[in-house]
Every structure is written in structure tokens, then in C-alpha cells.
Chemist: 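Submitted below is the structure of interest, expressed as C-alpha cells.
Below, chain A is the first sequence line, B the second, and so on; all start at residue 1.
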Amino acid sequence: MPERPTLEGLEARWGAWWDAEGVYRFDRGRTRAEVFSIDTPPPTVSGSLHVGHVFSYTQTDCVARYQRMRGREVFYPMGWDDNGLPTERRVQNYFGVRCDPSVPHDENFAPPTDPAEPVPIGRRNFIDLCLQLTETDEQAFEDLYRRLGVSVDWGLTYTTIGERCRRVSQRAFLRNLARGEAYQAEAPCLWDVTFRTAVAQAELEDRPRQGALHRLAFARSDGGGDILIETTRPEMVAACVALVAHPDDDRYRPLFGSTVRVPLFDTEVPVLAHALAEPGKGTGIAMVCTFGDTVDVTWWRELELPVRPIMGPDGRMLAEPPDALASAGARAAYAEIAGLTANGARRRIVELLAHSGALVGEPQPTSHAVKFFEKGDRPLEIITTRQWYLRNGGRDLPLRKELLDRGTELAWVPEFMGTRYTNWVEGLNGDWLVSRQRWFGVPIPVWYALDDAGRPQYDRVLVPAEDSLPIDPASDAPPGYEESQRGKPGGFTGDPDVMDTWATSSLTPQIACGWEEDPDLFARTFPMDVRPQAHEIIRTWLFSTVVRAHLEHDSLPWRRAAISGWVLDPDRKKMSKSKGNVVTPVGLLDDYGADAVRYWAARGRPGTDTAFDESQIKVGRRLAIKILNAARFVLGLAGATDRGDTPAAAAGAVTEPIDRALLAKLGDLLDGATEAFEAFDYARALERTERFLWDFTDNYVELVKNRAYRDGDAGASARAALQIALSAQLRLFAPFLPFTCEEAWSWWQQGSIHRAPWPQRAELPDAGDPAVLAAASEVLGRVRRAKSEARRKLRTPVTQAHVTAPPEFLEALTAAQGDLCDAGNIVDLALSPSTDGEGPTVESRLAAE
RNA sequence: GGGCGCUUAGCUCAGUUGGUUCAGAGCACUUCCCUUACAAGGAAGGGGUCGGCGGUUCGAGUCCGCCAGCGCCCA
């Protein structure tokens, strides 16, 4: 035990010791009922760390440590989410390159130095750079989490681009395919023109954009005049396939079934009825284009309209007009916009429309919501492409019902988060689009047979054997084919796409638990006990994981979801790199230590956003120092520091009423902290424990300190109670302040505190009446106040303290009289029962200066 | 436009089934104290009509309704 306890150096010492001792190593000899398994979120390894990373992981770690002390064998793996677009983007910026699959592989490739323009490089070189950078990033992340004391088993790690994840992702996909849950379709899908990939409904966000409403005149084919529509996307007029109005709209009801002519392009389109048309919006009748927005897709599908595509995957108008634009005038008009971006085409079309007289009045500025890919910065377009989909209840109601039931079956912390799941599932409007036109991801593990003309036959999907996974259809040949047949008539071609990153992330329970690869482990860990995660990815990560487990295992992936809040900056804005308000955790760990930072994180309630507040970290540091000092005091008392001196051995010695009162209070704390932890409310457990500690040191320790120094039974009683209380409190704090508590524990106990039993009331000796301690604390406080108000030293003798209080209070006080007089330096304690039940009041007469 | 959550001391936040224990904690602020566990400390103190309005109730920070502001999710 050091002379002067300090927090410095604890992280390095105990971190290394935990590693060497395997304190957090998973023992797979235990049965499922004895295991507590955690589906740790694999953080996106983007190279930058911020306090959000330490916030939620600390919260989960506190629960993990509690469960471990309760005797559960904790299965606590860690993954790194490195596949997908964030890594690609980071590699592009970091190395100044861009992936171009048409560039051949360069065996001796070295990243460019200081390129002016992004250098195009081949797919394999690009992937190599991704792997290289993520490895560095992952080391930085592991260092951070180790430093923070997160008690994961570092022998259980995975990366989402790693071989195991590719194998599991591909196997799960092939199972989905075999059961008909995965299917391909040529259909309109949301498309990011910057990244040139399809995106899923779950990855959308609305952003307000300034636009203009253009009023356009469509001439009725019967010569009965014009119909006016309003649109913010006049450039889409070439792709117009119909006009729609609400079926109950009397203004347009007579026109349903008739046709109009599209301005400039002179195609004839029908006027139709659909309930989604809003009579109050604009003129109450809208043009349907293929495709201007998602409602167009609905109209197109439900009204069985033709497709007239004009938008290309690069965000520019296709070079050739759709076939329906047959007239010379139409083709000439289209030539004006071919190859232009949406904005450029809009400007040109507006000029043409104005010139033709079809534009009525001036465009009116308007603000409207536009759909964006959450990681993109140009509006999404809708393009018809062949993509892979996974059934998720978006299109079939029985499955949706089953998934809604799963949401109910799942235990949510906090409960109201379940509503977000329900809302999301109920709002699904299509299946899950899982294919992405990207490179750094898990390849879709299929090939297509080519016909005699060398064209892919998409209905002839060639699949690999499961035991050959993972495969890359770009370099592996399908069963029954030779590599030489690639791209040849009668040969095969690989699917060029990768899966959505969520298609891998949705399998983290299967990946971590060894699905189909380690049946013994799987049986001991799956379904998992808890999925900790943040609330904004309920619609993506949580939901998709439920979908995969439901389809594959007909079960939930975990029993419970523990949803964490966000760290907000002090102005209550979400921290984000783009806002430049990110607080990096490494500096905080340097300045205050891991336990102090953990304390701040553990105070954040489940599901509740927390504004970053450095002053709370200081409080955590003070708390940790206080614990060390309190331990030093208790263990510095005679006979207390013999190693292995267990509280149980000292139990019989607790005889004094005030000492037994402390144990009563401690018993309540143990019940309360345990109850809170069982409900995943680590923050409440911490709050209760912390409150107890300060009361313990401020009042109980001060009251019994003098007696504890003395020999004899009375002194032994105090020392025993102090040790029992210290032992329990160290263990109560251990989940929150693992370094501090391990340090103090090591001063007198064998083994790691993190494998010590969670303290419970049953281990305490018979307790007394808590009123004794409460009464003594109360009077001691009054005496201190009298001294403080008189501006005297706390040591100042009190010649007489006169307490007037109800008889029960006085009775309790009497039981602690000796300690009270010692602590308050009270010469004479006079007690008077109050007749009216009032009190206590304390008159303190201080000795002259 | 719909759903969910939040609004309590200058700041950050607790207040679990409505009742002397519910108006609290910490930070900040003021005063005092180097008392032998702790000065990177300790003791004490001032500070809030619990967002607004209305309702249920013997009694509402707590339940209900409406409104306002903030945040998130969705349309």
C-alpha cells in the first residue's frame, strides 16, 4: 500500500496484468445459462476517435463487469467495421486515389505522393490500400478501448472485411437465396450519382432544399384547352408518362381516361386517378415521371405505366432519348438536354418551355424536402437497374407482422425505444436493397451463365458450394466452369457488386458466436443476451439483424436491446466531424485518467443524450482519489492490511450499534445497486453507490475514526465494519472505476476484483437500526455548521451541545453518543425530549477562543 | 403533417408505482479549515413559483388534456 495513493500509472499496470492473467478471457466450458453474451457494436474504423466512442462502450462495459461479478461467464467480443463506403472515402482522401476497375492491377503499386488529382487505380490495388489503412486505424481503436479498460476478450475480434465475415455474409446470403428470401429484380431504385451506387431506404435522409415551382401547361388531346400542373423538376418532363389527380377531385374527374400532350416532347399521356395525389398541392394534378421522386415510383407501379428513362447513373441525362420520344421535334428538344446534369437540364428546359409558351408565369421559389443518401451530398436520383433484394416485410404483410412481433418480443432499454422499431417496420415501402456498386465490401457470391451471344442469363444464377466460401466471383470460377470461360459465350460472368455494409453487420451475432463454424460455441452464446447500440441505427443495424436471425434461425438474435444516447456538444448539438465540435478522448484520458472518463460516461442514462461536460470528468477523478484514500485509511488501521483478511472473518466483531447501523444502510445499498443493474440501469447503481460513499466518508468514518484507532472490542467493531463496508464499496465501484478498484483491492485481497463476487446483503452480518447512524450524522452536521457559522475551526471544543428532539431520535443518538462526542469534540452532550415531536434542534456552545 | 423523447438552481443532471423521507446532487459561487485517509482536499452556506395554461385528486415535479420551445425518427 503506497504512502500517498495516486491514479498515475494504474492503467498501464492493471491493463497489462489483466491481459497476462486472462481476467476477461471467455471460458467456453460454461453452459448457455451461465454465459452472458454481448453483441458489441463494431465501430466504424474511420481513423478518428471521439468521445462518443468511449461513452456508450463504457456503459456496456459496466454491465459486462457487473454480470461477470455476478458469476456469469461474459462473452464479450469486439469487431471492427471496416468494409464499405466510409473506408473507401477515407482511402481516397488519405492516399489521393480513386478506384477504377478498368485500370489493371499493378504488382509494384505505391501510393502517389502529393497528387494534384485523384489517381485512378485498379480494384485490387484499391482494396489493398483499404486493408492497409484499416489495419492502422484498428490498432488505434484497440489502443483506445484497452486504455479505457473495456473488458472485452481481445482474443475474440473480427473485422467486417475479414475472411470470417465474408464467409458468414456469403453463406447467409446463399441461404436466403435458396429459401427465396433473396431475389434480384430490374426495378427503379434510389441511386447516388456521386458514388454511383444504389442505396437502401434505411440509408435515406430528407434535407430541405430551395427549389422553384414551375407551372406547366399540358394541352388536352381533345382540344379542350390546357391542364396546368406544378413541378419542382421540369427537366423530368421528357420522362412524363401520365398526369394524376385524386379520384374524388371534381375538377379533374371528367378528364380521367382522357389524354394530354406533353409540352416540347409531344408524347401523349393519360390522365389518371390515384389516392396519393394531393388536391391541395399546387393545381391538384401532378405529372408522373420515370422517375422524379419516390411517389412517382408508386404511381408508375400501381398504375402500370411505361418507363421512359432519361437519367443516367452518372447523374447526367442519357445521351439517347427514350423510344417513345419519336417525333423530330421531341428528339431535337431532347438533344438540348442530353448529357447535362439535372440542374443544367432544368435551366435549359425552362428556357425551352418559356419559349414554347408552356411555362405559365414565373417559377415560384419554394422550400421542399429532398431525399439524400445519408453519406452523400447530391440529391438522389431514381434509376432502373438490376439489383439484389432481401425480403424484410417491406412488401409482404405476413413477414412484416412476424417482424413486428419480434420487436415486441425483444426487451428494450429504455422501453420507449421499441416504438421506433415499430414505426420503422410499419413504414417500410419496399424490400431491402442489398447490392452496392462498390468495391471494398463482401462480394455477392454468385455468377451468371452467359448465353451463346455472351449475354448474362440472370435467371441462371450459378452459386458456389458453402464449403468454398468466401469466394470472389471476379477471380474465382463457378463450379463446373473453368476460369478461361469467363466472359465467353456459353461461359459465365461474376456478379460485379458487393453487399450493403449492413448485410454483413446484420450478422454480427452469427459472426461472433461462430454460426456453422463452431457449433459448440454457438450453442453456448446464441441467441445473445444483449445488443448495445445507439438509437439512430435502430432502423438499420438493429432491424436488419432481427431480419437475418428471424429468417435463418426463427428466433431473435438477442433477448434485449440496450439503446444508448449520444454525446452532444455543450450547445446540445450532435458532435460531428463536419461541425468541428468533436472532442477527442485521448487527451481526456491523458488529463484525467480512464476511470474519471468512465465515470462521466456511466452517469449517462440509457437512451438519454448527454451534453459533454468536462467538469463531470473532474468529479470522477476526485471520486477515484477519494476511494483510494478511504481504502488507505481503512487498511492502515491496526491488523487490517494482512492479505487475505476477509470481511467474513471480521464479521463477528461488529457489535457497536452505530457500526451495525452502517451495515443496515449498506445492505439497502446492495439491494438497490443490484436491482438497478438488473434493469441495466448502471447509472442509477453508480449514483446510489456514490451517494453512499460520500455519506460513509463524511459522516460514518468521521464518527468512528477515533474509536477505530483504539484497542479493544469497541475499536475492533469499528475496524471490522469499516473493512466490510470498504470491501463492498470497492466491488460496487469496480464496474465503473476498474483501475482504481483493482488497485485498492490489490492492497489486501488476492486475485482480481473483477472476478470477485458481487456484494450482496446475504454476506453481511446481522445489521442494526440505521436510525443510529442517521441521528449521529445529523447532529454532527449541526455542530459543524455552528462552528462554520462562527468561523471557528472544526476542532474547536463544544462545551455543551444541547439536542432537543423526539424521544426515538434521542434514543438512537444515545447509542452513538461516544462517537458523536469524539467526532464533534463535544464535552457535554445534553438531551431533551421535545414535547411537540419537533426537532431535532441543536444548540452548540463553543469553547472560548 | 405523424410518432417518440426532452423542458427541474447560472451550468450538467437525478427525482422508479402521486403523500412528513420530494424540491435534490455535483459543478460554479461565498465563507471557514493545512483535523495525523484525502489541500488535484475537507466543512458549511446562498441559490429553483420543477416550460406555460387547464384538469383529475384530500393532495401533482410526478397522472390527463392543450400550448410553446428543443431534439430525434419518419411522412
Side-chain angles (χ1 to χ4, degrees), chain A residues 1-8 201-202 204-206 276 278 280 294-295 369 371 414-429 534-540 563 565-566 568 570-574 591-593 596 599-600 603-605 607-637 672 675-676 679 681 683-684 686-688 690-691 694-695 697-699 701-702 705-706 708-709 722 726 744 774 780-796 823-825 837:
Chain A
M1 188 165 70
E3 197 51 43
R4 206 183 145 73
T6 169
L7 298 178
E8 266 49 62
Q201 184 187 356
L204 305 186
E205 65 183 36
D206 283 353
L276 280 181
E278 295 178 54
T294 52
V295 183
K371 293 207 181 304
E415 246 174 84
F416 67 79
M417 288 293 180
T419 308
R420 298 201 180 185
Y421 175 96
T422 303
N423 288 349
W424 173 254
V425 179
E426 285 174 345
L428 287 170
N429 56 26
H535 48 71
E536 85 280 15
I537 51 174
I538 289 173
R539 64 175 178 163
T540 49
I563 308 297
W566 281 343
L568 307 175
D571 295 329
R572 304 209 64 82
K573 300 290 179 218
K574 189 186 177 187
D591 291 346
Y592 301 106
Y599 168 85
W600 161 75
R603 281 175 51 93
R605 254 62 187 174
T608 303
D609 297 344
T610 299
F612 178 72
D613 185 359
E614 198 161 329
S615 70
Q616 294 303 317
I617 300 180
K618 293 180 187 170
V619 173
R621 182 173 173 85
R622 201 180 57 144
L623 173 66
I625 292 171
K626 188 77 176 178
I627 289 171
L628 290 181
N629 279 309
R632 201 179 92 79
F633 165 70
V634 171
L635 301 179
L637 294 168
E675 181 192 10
D681 199 345
R684 185 183 301 276
L686 171 59
E687 187 184 32
R688 287 179 166 164
E690 188 186 5
R691 189 181 304 153
W694 289 104
D695 182 61
T697 56
D698 290 352
N699 294 313
V701 170
E702 293 302 322
K705 184 187 281 184
N706 290 297
Y709 280 123
L722 285 165
L726 176 66
L780 179 61
R782 304 293 185 103
V783 171
R784 282 174 182 153
R785 187 195 305 180
K787 293 176 181 178
S788 186
E789 284 172 351
R791 303 191 171 182
R792 302 290 297 279
K793 297 177 180 179
L794 283 179
R795 198 164 45 174
T796 304
N825 206 5

Chemist: Taking CD from A/Q616 and P from B/A28, how many angstroms apart are they, rounded to a whole number?
Modeler: 10 Å
Chemist: Roughly, in whole Å, what's the span from CG in A/L623 to C1' in B/A40?
Modeler: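 Distance check: A/L623 CG to B/A40 C1' gives 14 Å.
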Chemist: With RNA chain B as reference, determine whether A/A369 or A/R791 sits nearer its 5' end, using the nearest nucleotide of each.
Modeler: A/R791
Chemist: Does A/R622 put a side-chain nitrogen or oxygen below 4.0 Å from OP1 or OP2 of B/C27?
Modeler: yes
Chemist: Determine the minimum heavy-atom distance between A/K626 and A/T697, stating which atoms define it.
Modeler: CE-OG1, 3.6 Å
Chemist: Scan every strand shown for a Watson-Crick or G-U wobble partner of B/U17, both distances under 3.5 Å, and answer none if you come up empty.
Modeler: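 Paired with no nucleotide.
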Chemist: Confirm from the modelled atom types if A/R4 and B/U36 form a donor-acceptor pair under 3.5 Å, side chain to base only.
Modeler: no
Chemist: Please report the distance separating the P of B/C50 from the corresponding atom of B/A9, rounded so that it comes out in whole Å.
Modeler: 10 Å
Chemist: Remember a base hit wins even if backbone is also touched, and classify A/D206 as base, sugar-phosphate or nothing at under 4.0 Å, heavy atoms.
Modeler: base
Chemist: Just the rounded figure in Å: distance from P of B/G26 to CD1 of A/I625.
Modeler: 18 Å
Chemist: Using the P atom as the point on both nucleotides, what is the distance between B/U12 and B/G59, in whole Å?
Modeler: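 B/G59 and B/U12 have their P atoms separated by 35 Å.
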Chemist: Roughly how far apart, to the nearest Å, are B/A60 and B/U17 at atom C1'?
Modeler: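 My reading of the C1' atoms in B/A60 and B/U17 gives 14 Å.
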Chemist: Side chain of A/R621, backbone of A/A596: donor and acceptor closer than 3.5 Å?
Modeler: no
Chemist: Looking at every strand, decide which applies to A/T422 at a 4.0 Å heavy-atom threshold: base, sugar-phosphate, or nothing.
Modeler: nothing
Chemist: Tell me: CG of A/L568 to C1' of B/C11, nearest whole Å?
Modeler: 15 Å
Chemist: Using a cut-off of 4.0 Å on non-hydrogen atoms, how would the nucleic acid contact of A/K793 be classed: base, sugar-phosphate, or nothing?
Modeler: sugar-phosphate
Chemist: Please check this pair: side chain of A/R684 against backbone of A/A676, looking for a donor-acceptor N/O pair closer than 3.5 Å.
Modeler: no
Chemist: Do the non-hydrogen side-chain atoms of A/T540 and A/W424 ever get within less than 4.5 Å of each other?
Modeler: no
Chemist: If we take the C1' atom in both B/A75 and B/C11, what is their distance in whole Å?
Modeler: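 About 37 Å, rounded to a whole number of Å.
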Chemist: Does B/C33 have its OP1 or OP2 closer than 4.0 Å to a side-chain nitrogen or oxygen of A/R792?
Modeler: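 No, no such contact exists.
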Chemist: If B/G69 has a Watson-Crick or G-U wobble mate with both distances under 3.5 Å, name it; if not, just say none.
Modeler: B/C6
Chemist: Could you check how far NZ of A/K618 sits from P of B/A25, rounded to whole Å?
Modeler: 21 Å
Chemist: On RNA chain B, nearest-nucleotide positions of A/A630 versus A/R784: which is more 5'?
Modeler: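 Counting from the 5' end, the first nearest nucleotide belongs to A/A630.
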Chemist: Report which part of the nucleic acid A/R621 touches: base, sugar-phosphate, or nothing (heavy-atom distance under 4.0 Å, all strands).
Modeler: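 Answer is base: heavy atoms of A/R621 come under 4.0 Å of a base.
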Chemist: Using whole Å, what does the distance between atom P of nucleotide B/A37 and atom CG of A/N629 come to?
Modeler: 10 Å
Chemist: NA contact type, A/R782, heavy-atom cut-off 4.0 Å: base, sugar-phosphate, or nothing?
Modeler: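 Answer is nothing: A/R782 stays at 4.0 Å or more from every strand.
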Chemist: Hey, does A/K787 reach any base, or is it just sugar-phosphate, or nothing, if we go heavy atoms under 4.0 Å?
Modeler: nothing
Chemist: Would you mind classifying the nucleic acid contact of A/E8 as base, sugar-phosphate or nothing, using non-hydrogen atoms under 4.0 angstrom?
Modeler: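 Since no nucleic acid heavy atom lies under 4.0 Å of A/E8, the category is nothing.
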Chemist: At 4.0 Å (heavy atoms only), tell me whether A/R691 reaches a base, stays on the sugar-phosphate, or touches nothing.
Modeler: nothing
Chemist: For B/G24 versus B/U31, give the span between their P atoms, rounded off to a whole number of Å.
Modeler: 25 Å
Chemist: Determine whether a donor-acceptor pair (N or O, by modelled atom type, separation under 3.5 Å) exists between the side chain of A/K787 and the backbone of A/L794.
Modeler: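 Such a contact is found between A/K787 side chain and A/L794 backbone.
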Chemist: What is the separation between atom CG on A/D681 and atom C1' on B/C13, rounded to the nearest whole Å?
Modeler: 14 Å
Chemist: Look at the side-chain N and O atoms of A/K626 and state whether any lies under 4.0 Å from the OP1 or OP2 oxygen of B/G42.
Modeler: yes
Chemist: Look through every strand shown and name the nucleotide pairing with B/C29 as Watson-Crick or G-U wobble, where both distances are under 3.5 Å.
Modeler: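 In the structure as shown, B/C29 has B/G45 as its Watson-Crick or wobble partner.
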Chemist: Can you tell whether the side chains of A/E687 and A/R605 come within less than 4.0 Å, N to carboxylate O?
Modeler: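 Salt bridge: yes.
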Chemist: Rounding to a whole Å, what distance do you find between A/L726:CG and B/C38:P?
Modeler: 16 Å
Chemist: Mind checking the C1' distance from B/G10 to B/C66? Whole angstroms is fine.
Modeler: 31 Å
Chemist: Do you know which two heavy atoms are closest between A/A611 and A/W600, and how far apart they sit?
Modeler: O-NE1, 4.3 Å
Chemist: Between B/C13 and B/U7, how far apart are the two C1' atoms, rounded to whole Å?
Modeler: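 Straight-line distance between the two C1' atoms is 13 Å.
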